[in-house]
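The block underneath contains the structure these notes are about, expressed in structure tokens.
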Amino acid sequence: MSHSAPSPIRGVGIGLRTPHITQLIQQPDCVPWLELLSDNFIHQSGLDGQLLDAVCEIYPVTLHGVNLSLGGTAPLDIDYLRALQQLAQRTRAVWISEHACFCHQGTAQSHDLLPLPYTLDTAAHLAGRIRQAQDILGQRILIENVSAYLTYTLSDMSEGEFLAEVLRQADCDLLLDVNNLYVNQRNLGVDPQAFIQAIPREQVREIHLAGFADQGDILIDAHNNPVAEPVWALYQQVLQHFPETPTLIEWDNDIPSLPVLLDQACRAADLCAASSCN
Amino acid sequence: MQLATLQHQFLQAISGAETSLTEYIAPQAGHTPTERLRIYRRNTQGTYRKTLQAIYPMTCAVLGASCFQTLAQHYVCDHPATHWNLNQYGAGFPVYLANLPDAFHAVSDLPYLADLSQLELLLHQAYYVADVTPFPVNDYAALTASEQASARLQLAPEIGLMQTSWPIYAIWQHWQQQDSLPTSLSGLQSPDALCIHRAGLQPQVSRVSLVACQLLTQLEQYSLAELAAQPEVVPAMSDLPDYIARGWVSRFIAGNRPPSSDKPALFPG
């Protein structure tokens, strides 16, 4: 898989959510790009299919999935991957991203992003499945670091070292979720600076920002709030290492009006633009 | 511990089972390993409860948010998801409501609730089902009279049919127009036979006659000739061209058996 050098998208996009679709079609200049949740559109039927085509006529889009279970031990779902490939063709998606986690095994489903033990064996396992997915999709993909609420005694590497090893073996790129990094710092004591240092600069292709739910003694990656101030601060640090990286605002639950989302995108765009001047 | 075993035990823990996975979770301040696994269980169950709430808004409004959440939580505990596609989750909820023991007074006082939730399920399924091409009129017309009579018509995948003793259509209509439930069910028309379909890609509900509902329900099972021999559905057969024109019937399967009666007139003239 070859690297496509300059990013085909720039600036700060937002995740496409149903309540905003009509407005986004009517106001085509309000955001430079959109991210679609691939699992919501994979069957491309009915009204969703029609709206999908209308949106993709206006905006460059990326696809973001949650169900591939790249770290799982059940065989990869080839039908799902082929449907994803068709969706990528229909939407002319700039790239496809997924998560460094597992979600299911056989018919047992979690619909949550479950953490992997950070070992060389697991890194090789995950990398092998990413390569298999990339072969079927015919393109390099991005994998995202996930929020976690536990770590395993089996782990003998840091999260950053683990992901760097996966990127090296799989020849894929990273979608760096800054909110997840902060959540893991608070929940599990992950060192964000060590994480950032471990990741090769040229392999961070996209950044995610989102809001968490603060349950007092634990942060939940709920995507139901504005980006928190400490996450903005960490984002500025991340941009020092990965300047001008296309960034996305994710908001999936208790979805606000579009202007609220665009305000968040504006703030990120200002920080992103400032990072290129430093 | 092997990765496959770890993942199996993790998913078991999410479903509520005791596992030895806790021995492999690093001790950290704030929460025990069991509590940390429970966070994932709560997140997963919350996702499924939200899914039910999205599919069944009228049912939720009838029950009230608190009662709905309690019933949804019971359902979620007993019905783990088995498919990655969340749009497929919750299809058993109407049957679950219909079979609740009388001890659930909130539901036993609402005998129409299971039918209302069935309507919501059919609307949800009609939205997400795959698109199909229109009925191949020319291909059907090219069949011989005998082949036409032995053909079996197939409903479009979004079509859902239901019969109910309750004024479900009126409740749905009120919800569509006023985003609320009628204050009283007395005086509303029932019983109902309903066809759930798409109009302009949006799921819609149309009231049909009981005879039409019977015909449409049996359409895929019998050839046109066999249906023409059933007196209870014959009065509705003249409406078949209309159902085809509306997209409710999307294709036909040519029959292998010789027809048992003359060709029914699907396209008169």
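Letters go in sequence order (proteins before strands), and every chain restarts at 1. Computation of the quantities below employed the complete heavy-atom set of this structure, encompassing side-chain atoms and omitting hydrogens, waters and symmetry-equivalent molecules.
The aromatic ring centroids of A:His111 and B:Tyr48 lie less than 6.0 Å from each other.
Contacts of B:Leu3 with chain A are made by both backbone and side-chain atoms, with heavy-atom separations under 4.5 Å. If you measure heavy-atom distances from A:Tyr149 to chain B, the contacts under 4.5 Å come from both the backbone and the side chain. Residue contact with chain B, scored on non-hydrogen atoms closer than 4.5 Å, is absent for A:Ala74. Contact annotation for A:Leu188: both backbone and side-chain heavy atoms come within less than 4.5 Å of a heavy atom of chain B. Residue B:Phe10 touches chain A through its side chain alone, counting heavy-atom pairs closer than 4.5 Å. Proximity to chain B (any heavy atom under 4.5 Å) is restricted, for A:Asp77, to the side chain, taken from C-beta onward. Neither the backbone nor the side chain of A:Leu68 comes within contact range of chain B; no heavy atom of the residue lies under 4.5 Å from a heavy atom of that chain.
Within a 6.0 Å sphere centred on NE2 of B:His83, other residues, nucleotides and ligands contribute more than 12 heavy atoms. A 6.0 Å sphere centred on CD of B:Gln176 holds more than 12 heavy atoms belonging to other residues, nucleotides or ligands. Counting non-hydrogen atoms of other residues, nucleotides and ligands closer than 6.0 Å to CZ of B:Arg251 gives a total of 12 or fewer. The number of heavy atoms from other shown groups lying within 6.0 Å of CD (B:Gln177) is above 12.
Of all non-hydrogen atoms in A:Gln215 and B:Arg42, the two that sit nearest each other are OE1-NH2, 4.1 Å. Taking both residues in full, the closest heavy atoms of B:Asp131 and A:Gly46 are given as OD1-N, 2.6 Å, listed atom of the first, atom of the second, then distance. Taking every heavy atom of both residues into account, B:Ile14 and A:Ser110 meet most closely at CD1-CB, 3.9 Å. Residues B:Ala130 and A:Ser45 share a closest heavy-atom pair of CA-CB, 3.7 Å.
The distance from atom CG of A:Leu150 to atom CD of B:Glu35, rounded to the nearest 0.5 Å, is 12.5 Å. Atoms CG and CG, from B:Asn87 and A:Asn40 in turn, are 7.0 Å apart once rounded to the nearest 0.5 Å. B:Ile39 contributes atom CD1, which lies 7.0 Å from atom CG of A:Asn187 (distance to the nearest 0.5 angstrom). A distance of 3.5 Å separates NE2 of B:His31 from CG of A:Asp217, quoted to the nearest 0.5 Å. Between B:Thr47 atom OG1 and A:Asn253 atom CG the span is 7.5 Å, to the nearest 0.5 Å. With rounding to the nearest 0.5 Å, the separation of CG in B:Asn85 from NE2 in A:His43 is 5.0 Å.
Between chain A and the options B:Thr44, B:Leu11, B:Val129, the largest number of non-hydrogen pairs under 4.5 Å is found for B:Leu11. Chain B forms more heavy-atom pairs under 4.5 Å with one residue of A:Ser69, A:Gly189, A:Pro115 than with any other, namely A:Pro115. Chosen from B:Tyr127, B:Tyr89, B:Tyr40, the residue pairing most often with chain A at heavy-atom distances under 4.5 Å is B:Tyr40. Of the listed residues (B:Pro203, B:Ala26, B:Ser15), the one with the most heavy-atom contacts under 4.5 Å to chain A is B:Ala26.
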Report the C-alpha distance between A:Leu47 and B:Arg198 in whole Å, list the side-chain angles of each, state the deciding distance to 0.1 Å, and finish with yes or no for side chain to side chain contact (heavy atoms under 4.5 Å, CB included). CA-CA 10 Å; A:Leu47 189 59; B:Arg198 278 184 189 167; over 6 Å; no
Candidate pair A:Asp48 and B:Tyr128, rule side-chain hydrogen bond (donor to acceptor under 3.5 Å, both in side chains), full reasoning: CA-CA 8 Å; A:Asp48 283 354; B:Tyr128 286 105; 4.7 Å; no
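Among B:Gln12, B:Gln7, B:Gln9, the single residue meeting the side chain to side chain contact (heavy atoms under 4.5 Å, CB included) criterion with A:Gln105 is B:Gln7.
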